[in-house]
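Have a look at the structure below before the remarks.
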Number of protein chains: 4
Amino acid sequence: MVSTQSRRGDTRQRIQDVALELFGERGYEKTSLREIAEHLQVTKAALYYHFKTKEDILISLFQDLGRPLDELIAWAEEQPRTLEMKKELVRRYSKALSGAAPLFRFMQENQATVRELTVGESFKERMLKLTDLLRLPEGEAGLTDQMRAFTALFALHAGMFALNHVEGDLEDKRQAALEVALDLLTQAHAGHPVNGTH
Amino acid sequence: MVSTQSRRGDTRQRIQDVALELFGERGYEKTSLREIAEHLQVTKAALYYHFKTKEDILISLFQDLGRPLDELIAWAEEQPRTLEMKKELVRRYSKALSGAAPLFRFMQENQATVRELTVGESFKERMLKLTDLLRLPEGEAGLTDQMRAFTALFALHAGMFALNHVEGDLEDKRQAALEVALDLLTQAHAGHPVNGTH
Amino acid sequence: MVSTQSRRGDTRQRIQDVALELFGERGYEKTSLREIAEHLQVTKAALYYHFKTKEDILISLFQDLGRPLDELIAWAEEQPRTLEMKKELVRRYSKALSGAAPLFRFMQENQATVRELTVGESFKERMLKLTDLLRLPEGEAGLTDQMRAFTALFALHAGMFALNHVEGDLEDKRQAALEVALDLLTQAHAGHPVNGTH
Amino acid sequence: MVSTQSRRGDTRQRIQDVALELFGERGYEKTSLREIAEHLQVTKAALYYHFKTKEDILISLFQDLGRPLDELIAWAEEQPRTLEMKKELVRRYSKALSGAAPLFRFMQENQATVRELTVGESFKERMLKLTDLLRLPEGEAGLTDQMRAFTALFALHAGMFALNHVEGDLEDKRQAALEVALDLLTQAHAGHPVNGTH
DNA sequence: AATGAATGAGAATTCATTCAT
DNA sequence: TATGAATGAATTCTCATTCAT
């Protein structure tokens, strides 16, 4: 059952859709409420019926689209910190990423802006939790292996957002990035068996 | 003591310094010329004596601080596309990154904004050239290995900018990221011997 | 008594009125939007609710007040090019001139400015059409008679705008100028019977 | 012998030349000192060595180029107010006009601007004197004949500036306009013998 | 559920002008 | 006879936001 929120007519939805699209294209600061309103063929004032402020639109996007990620974190926090769990976490994160690609893309491309907004805090917190979940037990691993674990996360981002210009189907790239990420995790956990073998 | 006297002649430089600092902290859009001017204790109009537009300040930063990177790319383009060259490229890139950290950080955190600016084009081009230099020969390698090669680049970025909240000396983290990147390159070139393990 | 109430709905009109007045008095460039806004006791931003740019205000004036002139031209273009039609054209033009005196005066006194604006093109076109309608058939008349026909137009302008400092009622001067203009037309068409006298 | 003024190197001259050109093209307000300086390949500050203010440049142009006109007026004021003198006045004025065409053109196209400047007063005074010299004796002539006399002046202006778009050599047009002007004068003095004859 | 009309704050930019050198 | 560096005051314009209807 869909939330009460999203049922109230569909204007709210449409505002969110257009806002996400424009925020993604031109950035949060550069996207004015006038532009959003014009795309929707309503007046600016109409936006204020549905959202208290401009930032509020962003917050709502973040809450709605980010929920799967919160659930993922919640799930992971209850699991044992095994390699297998981390792999599963990374698999699920990759899927979440592709589900809410525009939002994640926006977050990545507007870090400086977002940092100053309320929403920035929560985003940072999520990322912190996520990296914390991947972290290796203190003392057992060197900085390089820690870095490998973290890099797994960035490999996924690279696969989703940074390789637009590269040939290939998005889903294929996602799979490839996931594979790389899983490898990195495995290597991190193994100590670094690959080093030196070549 | 900073007398008026001693400042003469270096205003342009000081504008660049302050601008980079503020652009980095609050983002390009959110940083007004008024703020920059106030930090420098000059009037806004003084900024316009030294730079034609706000964007011009950014362009100048990009040109001045990005030169080492251009030189690196120029160098690499004349080398054979061997694994050893790529490793060297990555090593040098890592060093360049730490040399112009504030600019690179700014670029990463303001992608959406920068994309709309003239400077965005050049930045994109650089990145394209860089990824192209790391690319494996067509047909000889699968998408996953291509991804591994690209991820090497992102591993460096992750090491420099994304792990601020993580414990540890910046230089140590840079070294760790470099190690991960070099590994990724090696694996990409070897075919994927590790894949078989899972 | 001008209550806030009674003003609602006519702001656009009032902006046009004040703008025309000030543009006429001080010139287009020297008239700032601040001044217009202050005269109206609204904020500058209010002007931008009603007009997209400063130039837009001028364009709107030109379109609204210049319409009679366009209609006059349209009418004349469908008439045969007889002396009688030209006389009627000049009579009607004289009337149109006195109906939109402030605008025409502004156009005459701000030619250099107006030339660089969009509105300048349309103005020039109108004048071109007008002079073309008065032009004598090629070959049949010398340059002097052509000049006589054109000067008829300028006689009207002189009567309306250039003789402010001269004694006499404006309407009387208009009539006198009209008479001169009609004479010039007649002479132009007659060949130049007066020329022989010197 | 050239005045001391114009001997002092030639930069002053060059400033005047460029200023007149640009003032004429883009208008006084729209022409910035920066533009003038750039055209001359000097700095703005250099302009201030030669002229106290922007307006001062205009004043100097007006004085230098307007001198012939002042002399013309001085001459005419000592002559008897006969038709023949007026004809001569108009002939000489026509010549003066073509000698200082750019300045007169500027004055005509920037009336609104010039009106607010000191220079505007003198210009208006000159025009007043000129029209006064052409005026018919009170009582002896109707408003229409007065208008005819004044229009003679405007006919000259029309010939010089308003017919750019019309075919024909400028000098030919000037002659034609002069002829029209002389006719108008003659008619004004004759009473209006042409009226009614057709 | 939305609009029309407006505002206050602030942005980037331009300009004529100044002055020590 | 100029320049380099700066300023103060203004300008056009944009934006998020408000509120009576």
Side-chain angles (χ1 to χ4, degrees), chain A residues 8-12 15 28-37 40-57, chain B residues 4-5 7-12 15 29-37 40-57, chain C residues 4-5 7-12 15 29-37 40-57, chain D residues 8-12 15 28-37 40-57:
Chain A
R8 276 210 219 140
D10 67 334
T11 302
R12 194 188 147 90
I15 294 173
Y28 177 78
E29 309 277 1
K30 279 274 234 179
T31 302
S32 69
L33 294 185
R34 181 175 53 68
E35 276 176 288
I36 297 178
L40 288 166
Q41 312 239 60
V42 295
T43 59
K44 270 182 294 170
L47 304 184
Y48 280 89
Y49 179 79
H50 294 280
F51 297 94
K52 254 178 46 186
T53 66
K54 182 184 181 186
E55 195 180 342
D56 234 52
I57 302 181
Chain B
T4 313
Q5 240 30 2
R7 278 189 177 162
R8 209 173 274 148
D10 64 339
T11 305
R12 194 190 143 92
I15 293 172
E29 312 277 3
K30 286 276 261 183
T31 303
S32 72
L33 294 183
R34 181 180 51 69
E35 278 176 286
I36 298 180
L40 289 166
Q41 311 238 58
V42 295
T43 59
K44 274 177 291 165
L47 304 183
Y48 280 91
Y49 177 76
H50 294 280
F51 298 93
K52 257 177 40 188
T53 63
K54 183 183 180 184
E55 192 179 343
D56 228 53
I57 302 181
Chain C
T4 313
Q5 240 29 2
R7 279 189 178 161
R8 209 173 274 147
D10 65 339
T11 305
R12 194 190 143 92
I15 293 173
E29 312 277 3
K30 286 275 263 184
T31 303
S32 72
L33 295 183
R34 180 180 51 70
E35 277 177 286
I36 298 179
L40 289 166
Q41 311 239 60
V42 295
T43 59
K44 276 176 289 166
L47 304 185
Y48 280 93
Y49 177 77
H50 293 280
F51 297 94
K52 256 176 42 186
T53 64
K54 183 184 179 184
E55 193 180 343
D56 228 54
I57 302 181
Chain D
R8 276 207 219 144
D10 67 335
T11 303
R12 194 190 146 88
I15 293 173
Y28 176 79
E29 310 279 0
K30 279 276 233 178
T31 302
S32 70
L33 294 184
R34 180 175 53 69
E35 276 175 289
I36 298 178
L40 289 165
Q41 313 239 60
V42 296
T43 59
K44 270 182 294 172
L47 305 183
Y48 279 88
Y49 179 79
H50 294 280
F51 298 93
K52 256 178 44 186
T53 66
K54 183 184 181 184
E55 195 180 343
D56 234 51
I57 302 181

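The chains referred to below are lettered A, B, ... by the order of the sequence lines, with proteins before strands, and numbering in each begins at 1.
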[atom1] of [X] versus [atom2] of [N]: gap in Å, rounded?
X	N	atom1	atom2	answer
Phe51(A)	dA16(F)	CZ	C1'	16 Å
Ile15(B)	dA6(F)	CD1	C1'	11 Å
Leu40(C)	dT7(E)	CG	C1'	15 Å
Gln41(A)	dA2(E)	CD	C1'	15 Å
Leu47(C)	dA5(E)	CG	P	14 Å

Completion exercise
B/S/- along nucleotides 10-16 of chain E (protein heavy atoms under 4.0 Å) is BSSBBBB
Practice task
Only counting residues at least two apart or in another chain, list the ones meeting salt bridge (Lys or Arg N to Asp or Glu O under 4.0 Å) with Glu35(C).
Solution key: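 Checked Glu35(C) against salt bridge (Lys or Arg N to Asp or Glu O under 4.0 Å); matches are Arg26(C).
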For [X] and [N], is the shortest distance between a side-chain N/O and OP1 or OP2 below 4.0 Å?
X	N	value
Thr11(B)	dA6(F)	yes
His50(A)	dA2(E)	yes
Tyr49(B)	dA6(F)	no

Problem - Inter-residue atom distance Ile15(D).CD1 - Ile57(D).CD1, 0.5 Å rounding - result: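 Those atoms lie 6.0 Å apart.
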Exercise for the section: Nearest 0.5 Å please: distance from the CZ atom of Arg34(C) over to the NZ atom of Lys44(C). Expected result: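 Answer rounded to 0.5 Å: 8.0 Å.
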Practice task
Indicate the atoms forming the closest heavy-atom contact of Thr43(C) with Ala37(C), along with that distance.
Solution key: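 What the structure gives for the nearest pair is C-CB, 3.8 Å.
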Exercise for the section: Identify the two heavy atoms, one from Lys54(B) and one from Leu33(B), that lie closest to each other, and give their separation to 0.1 Å. Expected result: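 Heavy atoms of Lys54(B) and Leu33(B) come nearest at CG-CD2, 3.8 Å.
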Exercise for the section: May I have the step-by-step check of side chain to side chain contact (heavy atoms under 4.5 Å, CB included) for Leu40(B) and Thr11(B), ending in yes or no? Expected result: CA-CA 9 Å; Leu40(B) 289 166; Thr11(B) 305; 5.6 Å; no
Exercise for the section: Give each stem of DNA chain F as a range with a range, requiring at least 3 consecutive Watson-Crick or G-U wobble pairs whose two distances are under 3.5 Å. Expected result: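 Result, WC/G-U stems under 3.5 Å: E:2-21 with F:2-21.
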Exercise for the section: Mind checking side-chain contact (heavy atoms from CB on, under 4.5 Å) for Arg12(B) and listing every partner two or more places apart, or none if nothing turns up? Expected result: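 For Arg12(B) the side-chain contact (heavy atoms from CB on, under 4.5 Å) partners, ignoring immediate neighbours, are Gln16(B), His50(B), Phe51(B), Ser60(B).
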